[in-house]
Amino acid sequence: MAEKISEFEQRVNKLEELRQMGVNPYPNDFIATDAAKKIIDLCAGLDKETLEAKNETAGLAGRIMAFRDFGKASFLHIQDRTGRMQVYVRKDLIGEDAYKIFRNFDVGDIIGVEGKVFRTKTNELTIEAKEIRLLAKSIQPLPEKWHGLTDVETRYRQRYLDLITNSEVKNVFVKRTRIIQLIREFLNKRDFMEVETPMMQSIPGGAAARPFKTHHNALDIDLFLRIAPELYLKRLVIGGFERVYEINRNFRNEGISTQHNPEFTMLEFYQAYATFEDLMTLTEEMISSIAMEICTTLQIEYQGQKIDLTPPWPRISVKDAILKYSDAEEGIFTDKKKAFAFAKKLKLDIPEAFSHGKILLEIFEKAAEPKFIQPTFITHYPLDVSPLSRKNEKDPSIVDRFELLVCGREIANAFSELNDPIDQQERFRQQVLERAAGDTEAHIMDEDFVRALEYGMPPTAGEGIGIDRLVMLLTNSASIRDVILFPQLRPEKA
RNA sequence: GAGCCGCUAGCUCAGAUGGUAGAGCAACGCCCUUUUAAGGCGUGGGCCCCGGGUUCGAAUCCCGGGCGGCUCACCA
């Protein structure tokens with residue numbers, strides 16, 4: 001007999017019935033002695049008869065994912081953090097009263113099971129329940145077993161449902177965690193030290209971006225969520241921590257897209273007495289070794305494109321890349337007017353205030369950047385778009401910097417650090433002028449950082465790697481939201 | 001911010017040209033002790049995203065709004 005009430009109400013009623021039968025629907029005294037994978041591994045080589053003879057027992061806890069009821073017996077699948085296991089429940093084995101209680105269990109409930117491990121007719125490893133207990137009643141129905149949860153909005157808003165239902169989603173986040181672990185291992189092995197620097201800064205520096213603003217009441221000052229840890233990490237190099245890194249969140253108050261989330265995870269590391277060229281080699285080693293571990297191959301596929309991560313990766317300067325992928329003439333690199341005219345030809349909308357270097361960068365991004373599908377180091381960026389980078393010894397209009405591009409996207413950004421305090425101060429001044437001219441992303445003067453440099457920073461190279469984008473690449477994820485557990489969305493109710 | 005697309009039962013989806021809402025799974029009742037998308041018989045379930053408008057009549061057409069996706073612009 002069906003009632004004119006929702007499934008939610010039906011389950012709440014079951015909760016009451018269970019309580020009336022003397023069952024606590026939310027106990028916390030069950031001890032799971034085993035995990036699904038442990039039992040699967042343990043019994044891997046054992047056939048039906050051998051297993052029967054061993055008389056192996058197991059205790060498992062997990063969520064009911066499937067329920068097949070035969071009246072006086074039932075099959076369930078339960079899922080724990082390690083995998084799935086079938087459970088066979090017989091009325092004559094657990095007893096009349098227990099079976100009556102068991103009939104109130106639903107898909108989605110968390111249960112504990114103890115019993116003998118055996119193989120069914122179809123050879124599936126199964127626990128024959130001697131005891132079965134409710135550990136947490138679920139009063140919300142789970143998505144359907146066959147199609148699962150596909151609605152993208154629900155998947156992001158109720159990520160727990162996505163994780164319960166979609167094992168491939170769970171797998172992406174397992175890989176994400178593993179990738180970060182591997183990065184730590186890689187850097188620790190090379191004598192880098194992990195540190196934490198301020199997320200709340202009074203001068204948001206280290207990148208060209210718009211910050212989030214907040215306020216500290218007791219100090220009565222405005223603070224900004226950091227857009228990068230760079231200037232603090234370099235202060236630490238000055239302090240004598242010659243190899244430091246930080247893996248943590250940056251916040252940028254900008255648009256949201258498949259490649260941008262307002263908060264995102266960044267690795268930044270600094271190595272004294274190294275150059276940007278050393279970091280290219282290090283980057284090849286780090287990313288290829290991680291890819292090998294995560295993907296078990298260096299020939300990976302990203303969104304239908306075949307990518308070969310086998311090092312070494314080609315290196316090409318911004319200038320050579322522009323010359324190679326457009327019909328630009330040499331003149332644009334020395335004559336701002338020519339650069340401006342060429343940018344117009346590429347249908348780029350360049351404001352008058354743009355510096356020569358900025359125009360060249362725009363040209364590069366439009367004409368050349370999308371061409372670099374295979375991993376490539378783009379080197380020697382224009383000086384005025386790199387206010388924290390060291391000038392090239394031979395050509396002072398460019399800096400010793402590289403970006404790593406894969407699939408036309410920036411994965412890493414690195415440079416030999418500017419450690420001349422006078423030069424740094426001048427670069428900041430230039431940024432301040434650009435800000436005054438309307439560039440809201442230009443740097444703010446950081447006097448304390450300049451003072452720190454005045455004490456002397458060893459020659460150093462530093463690099464930033466966008467972890468989310470690296471994870472996207474290595475898990476073949478199309479959107480950054482697929483590699484961030486809780487991506488930023490508008491509130492459901494405005 | 002602009003353009004395109006989507007929003008119908010708990011989930012996955014149908015609902016030409018306007019006629020008052022359907023399926024599968026899930027749920028509920030009965031049968032069933034080796035099933036695995038178990039099976040059989042039966043039953044209930046809907047603010048059709050929200051608000052206006054047109055019409056005798058709107059899930060459907062028009063206008064406005066919300067949320068999401070994709071593309072573009074900005075960025076990492």
Side-chain angles (χ1 to χ4, degrees), chain A residues 1-11 13-14 48 65-77 84-94 99 103 106-108 118-126 128 138-158 161 164-165 206-210 227-228 250-268 348-349 361-362 365-366 403-405 409-413 439-441 464-470 472 478-482 487 489-494:
Chain A
M1 170 186 63
E3 298 165 71
K4 198 165 187 166
I5 57 172
S6 69
E7 190 170 347
F8 176 79
E9 288 165 311
Q10 282 177 18
R11 289 199 180 197
N13 291 343
K14 278 186 182 177
K48 198 166 156 48
M65 297 305 293
F67 208 117
R68 292 177 294 279
D69 177 17
F70 287 81
K72 295 188 183 64
S74 298
F75 286 94
L76 334 176
H77 270 104
R84 283 190 178 212
M85 178 62 64
Q86 180 166 263
V87 177
Y88 182 43
V89 184
R90 298 169 52 135
K91 189 178 181 178
D92 58 5
L93 214 82
I94 64 167
Y99 203 77
R103 294 293 289 268
D106 290 297
V107 169
F118 76 108
R119 286 190 190 278
T120 62
K121 274 182 194 167
T122 53
N123 217 32
E124 177 163 352
L125 202 61
T126 304
E128 187 178 57
S138 165
I139 54 178
Q140 288 278 10
L142 239 38
E144 185 224 1
K145 61 184 168 190
W146 190 240
H147 300 91
L149 180 67
T150 61
D151 182 82
V152 184
E153 185 172 352
T154 311
R155 287 186 40 227
Y156 295 153
R157 287 196 198 282
Q158 295 180 268
L161 285 182
I164 290 168
T165 316
R210 291 163 62 189
I227 53 175
N250 287 349
F251 307 85
R252 298 189 186 174
N253 204 342
E254 284 157 2
I256 294 176
S257 76
T258 49
Q259 286 166 80
H260 303 263
N261 195 62
E263 52 180 307
F264 62 101
T265 302
M266 188 86 159
L267 159 70
E268 278 202 19
L348 283 165
D349 184 26
L361 190 61
E362 291 278 337
E365 283 172 1
K366 170 91 179 198
E403 287 194 5
L404 170 64
L405 298 186
R409 296 179 185 174
E410 181 189 333
I411 296 288
N413 178 21
D439 185 348
T440 52
E441 292 177 355
I465 296 181
I467 298 299
D468 311 280
R469 290 183 177 179
L470 180 63
M472 284 169 72
S479 170
I480 198 167
R481 296 181 201 99
D482 295 326
L489 298 179
R490 274 205 161 81
E492 256 176 291
K493 279 164 194 154

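In this text the structure is predicted, and so the values were computed from the model without any measurement. Below, read A as the first sequence line, B as the second, and so on, with proteins coming before strands; counting in each chain starts at 1.
In this entry A2(B) has U71(B) as its Watson-Crick or G-U wobble partner, both defining distances falling under 3.5 Å. The partner of C47(B) is absent, by the rule that a Watson-Crick or G-U pair needs both atom distances under 3.5 Å. Across all strands shown, C32(B) has no partner, as no Watson-Crick or G-U wobble contact with both distances under 3.5 Å is found. Pair assignment for C7(B) gives G66(B), based on Watson-Crick or G-U wobble hydrogen-bonding distances that are each under 3.5 Å. Across all strands shown, C56(B) forms a Watson-Crick or G-U wobble pair with G19(B), both key distances being under 3.5 Å.
C25(B) sits 26 Å from U20(B) when the P atoms are compared, rounded to a whole Å. To the nearest whole angstrom, the two P atoms, one in C61(B) and one in U17(B), are 7 Å apart. For the P atoms, the distance linking A23(B) with A9(B) amounts to 14 Å, nearest Å. Spacing between G3(B) and A14(B) at atom P, rounded to whole Å, works out to 26 Å. Rounded to the nearest Å, the gap between the C1' atom of G24(B) and that of C32(B) is 23 Å. A gap of 8 Å separates the P atoms of G39(B) and A26(B), to the nearest Å. Comparing C50(B) with C7(B), their P atoms sit 13 Å apart, to the nearest whole Å. Taking atom P on both nucleotides, G19(B) is separated from A59(B) by 9 Å, rounded to a whole Å.
With distances taken from any side-chain atom of Glu144(A) to the nucleotides G69(B), C11(B), U35(B), the minimum falls on C11(B). Taking every side-chain heavy atom of Pro143(A) into account, C11(B) is the closest of C11(B), G69(B), U35(B). Listed nucleotides C70(B), C74(B), U33(B) differ in distance to Glu441(A); the shortest reach to its side chain belongs to C74(B). Among C67(B), G10(B), U34(B), the nucleotide with an atom closest to any side-chain atom of Pro141(A) is G10(B). Of the candidates U35(B), U33(B), C11(B), U35(B) carries the atom nearest the Phe75(A) side chain, counting heavy atoms from C-beta on. Nearest nucleotide to the Glu153(A) side chain, out of U33(B), U34(B), G68(B): G68(B). Comparing U35(B), C70(B), A37(B) against the side chain of Lys145(A) picks out A37(B) as the nearest.
Taking 4.5 Å as the limit, some side-chain heavy atom of Leu149(A) sits within range of a side-chain heavy atom of Arg155(A).
Atom CD1 in Ile164(A) sits about 18 Å away from atom P in G10(B), given to the nearest Å. At whole-Å resolution of the value, CH2 in Trp146(A) and P in A26(B) are 12 Å apart. Whole-Å rounding puts the Leu93(A) CG to U34(B) C1' distance at 14 Å.
Side chain to side chain, Tyr88(A) and Ser74(A) fail the donor-acceptor criterion of an N or O pair below 3.5 Å. In summary, the side chains of Gln86(A) and Arg119(A) do not present any donor paired with an acceptor at a separation below 3.5 Å, with no hydrogens or angles considered.
Among the atoms of the strands shown, base atoms are found under 4.0 Å from some heavy atom of Arg252(A). Within 4.0 Å of Leu489(A), counting heavy atoms only, lie sugar-phosphate atoms of the nucleic acid but no base atom. Contact annotation for Ala208(A): backbone-only contact, meaning every heavy-atom pair under 4.0 Å involves sugar-phosphate atoms and none involves a base. Using a 4.0 Å heavy-atom distance criterion, Thr154(A) is classed as making no nucleic acid contact. When heavy atoms are screened at a 4.0 angstrom cut-off, Asn413(A) is found touching no nucleic acid atom at all. Residue Asp69(A) is classed as a base contact, given a heavy-atom separation below 4.0 Å to a base. Within 4.0 Å of Lys48(A), counting heavy atoms only, lies no atom of the nucleic acid at all. Residue-level contact check: Thr120(A) touches the bases, meaning some heavy atom is under 4.0 Å from a base atom. Asn261(A) comes within 4.0 angstrom of a base, heavy atoms only. Heavy atoms of Phe67(A) sit nowhere under 4.0 angstrom from any nucleic acid atom. Looking at heavy-atom distances under 4.0 Å, Gly464(A) makes no contact with the nucleic acid at all.
Between C13(B) and Thr150(A), a contact under 4.0 Å exists linking OP1 or OP2 to a side-chain N or O. A sub-4.0 Å separation between OP1 or OP2 of C70(B) and a side-chain N or O of Arg481(A) is present. At the phosphate of G66(B), neither OP1 nor OP2 sits under 4.0 Å from any side-chain N or O atom of Arg490(A). Between A38(B) and Arg68(A), a contact under 4.0 Å exists linking OP1 or OP2 to a side-chain N or O.
Closest non-hydrogen pair, Phe8(A) versus Ile139(A), comes out as CD1-O, 3.1 Å.
Checking Glu263(A) against Gln86(A), the closest nucleotide of RNA chain B that is more toward the 5' end is the one next to Gln86(A). The residue among Leu149(A) and Thr258(A) whose nearest nucleotide of RNA chain B lies closer to the 5′ end is Leu149(A).
Contact annotation: side chain of Asp151(A) to base of U12(B), donor-acceptor pair absent below 3.5 Å. Side chain Tyr88(A) to base U33(B): a donor-acceptor pair is found below 3.5 Å. Counting distance only, with no hydrogens placed and no angle test, the side-chain atoms of Glu124(A) and the base atoms of U35(B) include no donor-acceptor pair under 3.5 Å.
The pair Asp151(A)-Arg157(A) does not count as a salt bridge, with every side-chain nitrogen at least 4.0 angstrom from each carboxylate oxygen. Salt bridge Lys14(A)/Asp106(A): present, at least one basic N to carboxylate O contact under 4.0 Å.
Every side-chain hydrogen bond (donor to acceptor under 3.5 Å, both in side chains) that Asp439(A) has, sequence neighbours left out, goes to Lys358(A). With sequence neighbours excluded, the residues forming a salt bridge (charged side-chain N to carboxylate O under 4.0 Å, His left out) with Glu403(A) are Arg401(A), listed by chain and number.
Stacking of Phe70(A) onto the six-membered ring of A38(B) is present: less than 5.5 angstrom between centres, less than 30° between planes.
A donor-acceptor pair under 3.5 Å is absent between the side-chain atoms of Glu128(A) and the main chain of Phe118(A), judged by distance alone.
For A16(B), the glycosidic angle deviates from 0 by 90° or less, giving a syn base.
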